[in-house]
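A short write-up of the structure that comes next.
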Amino acid sequence: MRLLPYDELTSAHLDTWHRLRAGNPALDSPYFHPGFAAAVHASGRPVHVAVSPQALMAVHRDGSCLRPAGWPGADFQGPLLAPGAAFEPLELLGGGITAFAFDHLVDGVPGFEQWTLSRRVSPYVDVSGGLDGYLGRASRAGKDNMGQARRRAAKAGRELGPVRFAADSDDEGVLARVIELKRAQYAATGAADYFAAPGRAGLLRRLLRTREADFSGVLSTLHAGEHLLAAHFGIRSGGVLHWWFPVYDPAHGKLAPGWILLRELVQAAPALGIRRIDFGRGDDEYKRRAKTGEVLVAQGLVTRDPFRLAARRTLERARPALRALKRRFA
């Protein structure tokens, strides 16, 4: 496969990108839209595109290793190819590239089985039919939490002022507050700070300003009076919204404002043209409670070096125990 800088793609390449994506339902996530790769590239992280007659894949070159475009913030990854088409991952290697590392590969992509070392769930919410449709599909826990969210929204209105929900705000000041709250959450939980790397806050601002017909950033907000209770920034393509950076103000944590925000968004989904909200990989409690289904995403490494692959396999096998230990002492 040839590796081209994103800004050297021709209109024919982009036409092929759109055609391959439109023909494969597994690629409906906004992460597979060229608008995401374009925004990442414009934010200062060079994106290259591996090109062959049958496939395309947007990547970063990290020394001798390739990683999916947008890593580590890309929650769905993989090549763009027609359903059932063959793909040989080793074709990504060469020209100084010795490995391709992935951690959210769409499960079932041809050719990757021998390089896959683990799989994790990626929950989603089917929001077709809005709140009524969701409640007809939700688990008991999901229904209970949505009922509590309705009551807590009423309580917020009584105690803090009128509750206001904006499904798609363009307020950069609120986005800055989202990033501030998210960084505070990372610090409080000991998680790696996504926004510590240069250009990533700028990526969100760029995506907020992106308003293509089939791709955009989406900022949803929940206020009570003058208080921002919760907000979420994600990306959307067609009927799929990816739940990316949800936050809430800890000062109002007893109201569980994240659930109030999610309930409002589910209720607004039909008017927004959203049929599914992808939560992304993870077993967070709210995802387990709210989900109506899940898919698998794969983690692994494509390399010709058996020792490097064995080391990565050992690491992947250790991760569940490390996560359990972290939760125990959190």
Side-chain angles (χ1 to χ4, degrees), residues 21-22 24-33 75-76 106-108 120-157 162-169 211-224 229-248 255-297:
R21 183 169 179 261
N24 191 339
L27 303 175
D28 63 356
S29 167
Y31 287 106
F32 292 114
H33 193 283
D75 289 348
F76 286 100
V106 174
D107 200 36
R120 294 180 62 188
V121 298
S122 182
Y124 65 83
V125 179
D126 181 346
V127 293
S128 54
L131 187 59
D132 289 341
Y134 169 77
L135 292 175
R137 291 180 290 270
S139 66
R140 180 180 297 275
K143 293 174 183 177
D144 288 347
N145 277 274
M146 288 297 182
Q148 292 172 17
R150 176 178 52 80
R151 293 188 290 274
R152 286 168 174 159
K155 181 179 180 181
V163 174
R164 307 187 313 280
F165 168 72
D168 191 6
S169 169
R211 287 292 184 269
E212 298 180 21
D214 60 345
F215 178 79
S216 65
V218 179
L219 174 62
S220 302
T221 64
L222 178 75
H223 286 82
L229 302 185
H232 165 258
F233 182 79
I235 49 177
R236 181 244 181 107
S237 180
V240 180
L241 172 66
H242 194 88
W243 188 259
W244 202 10
F245 293 106
V247 298
Y248 68 91
L255 292 169
W259 275 99
I260 302 174
L261 176 72
L262 180 59
R263 182 180 185 276
E264 292 286 349
L265 195 53
V266 170
Q267 188 164 257
L272 298 171
I274 296 172
R275 55 181 170 76
R276 189 179 81 235
I277 300 175
D278 284 331
F279 277 150
R281 192 186 78 183
D283 57 357
D284 308 72
E285 183 179 359
Y286 80 89
K287 293 182 182 181
R288 293 197 302 270
R289 289 174 177 270
K291 70 180 181 181
T292 60
E294 62 189 30
V295 296
L296 294 174
V297 291

Look up atom [atom1] in [X] and atom [atom2] in [Y], then write down how far apart they are to the nearest 0.5 Å.
X	Y	atom1	atom2	result
E294	R288	CD	CZ	11.0 Å
L272	R236	CG	CZ	6.5 Å
H242	D75	NE2	CG	3.5 Å
K291	F279	NZ	CZ	10.5 Å
K155	L255	NZ	CG	6.0 Å
I260	L222	CD1	CG	6.0 Å

Within 6.0 Å of CZ in F215, more than 12 heavy atoms from elsewhere: yes
Test item: N24 side-chain N/O and A26 main-chain N/O as donor-acceptor pair under 3.5 Å: yes
Donor-acceptor pair, side chain of T221 and main chain of A231, under 3.5 angstrom: no
Looking only at heavy atoms, what is the nearest atom pair of [X] and [Y], with distance?
X	Y	answer
S122	V297	CB-CG1, 4.2 Å
V240	P30	CG1-CD, 3.9 Å
V163	A153	CG2-O, 3.4 Å
V218	A167	CG1-O, 3.5 Å
A290	V125	O-CG2, 3.7 Å
G258	A230	N-CB, 4.2 Å

Partner of H232 under ring pair (Phe, Tyr, Trp, His ring centres under 6.0 Å), chosen from F165, W244, W243: W243
Partners meeting salt bridge (Lys or Arg N to Asp or Glu O under 4.0 Å) with D168 (sequence neighbours left out): R211
With W259, the side chain to side chain contact (heavy atoms under 4.5 Å, CB included) member among R152, R289, R150: R289
For Y134, the option from I277, V266, L262 that meets side chain to side chain contact (heavy atoms under 4.5 Å, CB included): V266
Where at least one partner belongs to residues 263-282, residue pairs that pass salt bridge (charged side-chain N to carboxylate O under 4.0 Å, His left out), sequence neighbours excluded: D28-R275, D28-R276, R276-D278
Residue pairs involving residues 129-143 (criterion salt bridge (charged side-chain N to carboxylate O under 4.0 Å, His left out); sequence neighbours excluded): D126-R137
Side-chain touch V106/F32, heavy atoms, less than 4.5 angstrom: yes
Check against side chain to side chain contact (heavy atoms under 4.5 Å, CB included), V295 and F76: CA-CA 11 Å; V295 296; F76 286 100; 4.1 Å; yes
